[in-house]
Amino acid sequence: MVEYMDVISKIKLNTIEDVKAFVATASACDFDIEVSYQGQNVDARSLLGMLSINLDYTLNVVSYGYDKDLERILKKYEVK
């Protein structure tokens, strides 16, 4: 069985409110979502983990599934 894995996008979260909105959306998904930066991986559904991220960095989001609300919020914070 092959797992679905897709690097969704590169995002930039600028405020704690952005982090909270992202985590709330990720928490509603029934599949794993990882955020990586500077060689570290964080569970996107973990508020504590996400708050530990240095917001100066662009973040890579890897999703093991699809959700329209997740796609919407990723587009909102996407780095072009």
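In what follows, every heavy atom counts, from backbone to side chain, and hydrogens, waters and symmetry copies are set aside. What you see is a predicted model, and the numbers here were worked out from it, not measured in a lab.
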Open item on the list: For Lys75, is the NZ atom crowded, meaning more than 12 foreign heavy atoms sit under 6.0 Å from it?
Closed with: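 No, the 6.0 Å shell around NZ holds no more than 12 heavy atoms from other groups.
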Open item on the list: Would you say CD1 of Ile16 has more than 12 non-hydrogen atoms from neighbouring residues, nucleotides or ligands within 6.0 angstrom?
Closed with: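 Result for CD1/Ile16: open.
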Task: Leu59 side, atom CG; Lys10 side, atom NZ - distance, nearest 0.5 Å - done: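 Spacing of CG (Leu59) from NZ (Lys10) equals 10.0 Å.
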Task: Tyr37 side, atom OH; Leu13 side, atom CG - distance, nearest 0.5 Å - done: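 Between atom OH of Tyr37 and atom CG of Leu13 there are 11.5 Å.
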Check: residues 67-74 side-chain donor-acceptor pairs under 3.5 Å, at least two apart:
unit_1 : atom_1 : unit_2 : atom_2 : d
Asp67  : OD2    : Asp69  : N      : 3.0
Asp67  : OD2    : Leu70  : N      : 3.0
Glu71  : OE1    : Tyr66  : OH     : 2.4

Task: Of all pairs that satisfy salt bridge (charged side-chain N to carboxylate O under 4.0 Å, His left out), the ones with a partner from residues 16-28, not counting sequence neighbours - done: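 As it turns out, the salt bridge (charged side-chain N to carboxylate O under 4.0 Å, His left out) pairs with a partner in residues 16-28, which skip direct neighbours, are Glu17-Lys20.
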Task: Pairs meeting criterion side chain to side chain donor-acceptor pair (under 3.5 Å) with involvement of residues 42-57, two or more places apart - done: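 Sorted result for residues 42-57: Asp32-Arg45.
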Task: Side-chain heavy atoms of Lys76 within contact of Phe22, under 4.5 Å - done: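 The answer is no; the side chains never approach within 4.5 Å.
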Task: Residue pair Gly49 / Val42: nearest heavy atoms and the distance that separates them - done: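 That closest heavy-atom pairing would be C-CG1, 3.4 Å.
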Task: Exercise: identify the closest heavy-atom pair between Ala26 and Ala44 - done: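 For Ala26 and Ala44, the tightest heavy-atom pair comes out as CB-O, 3.6 Å.
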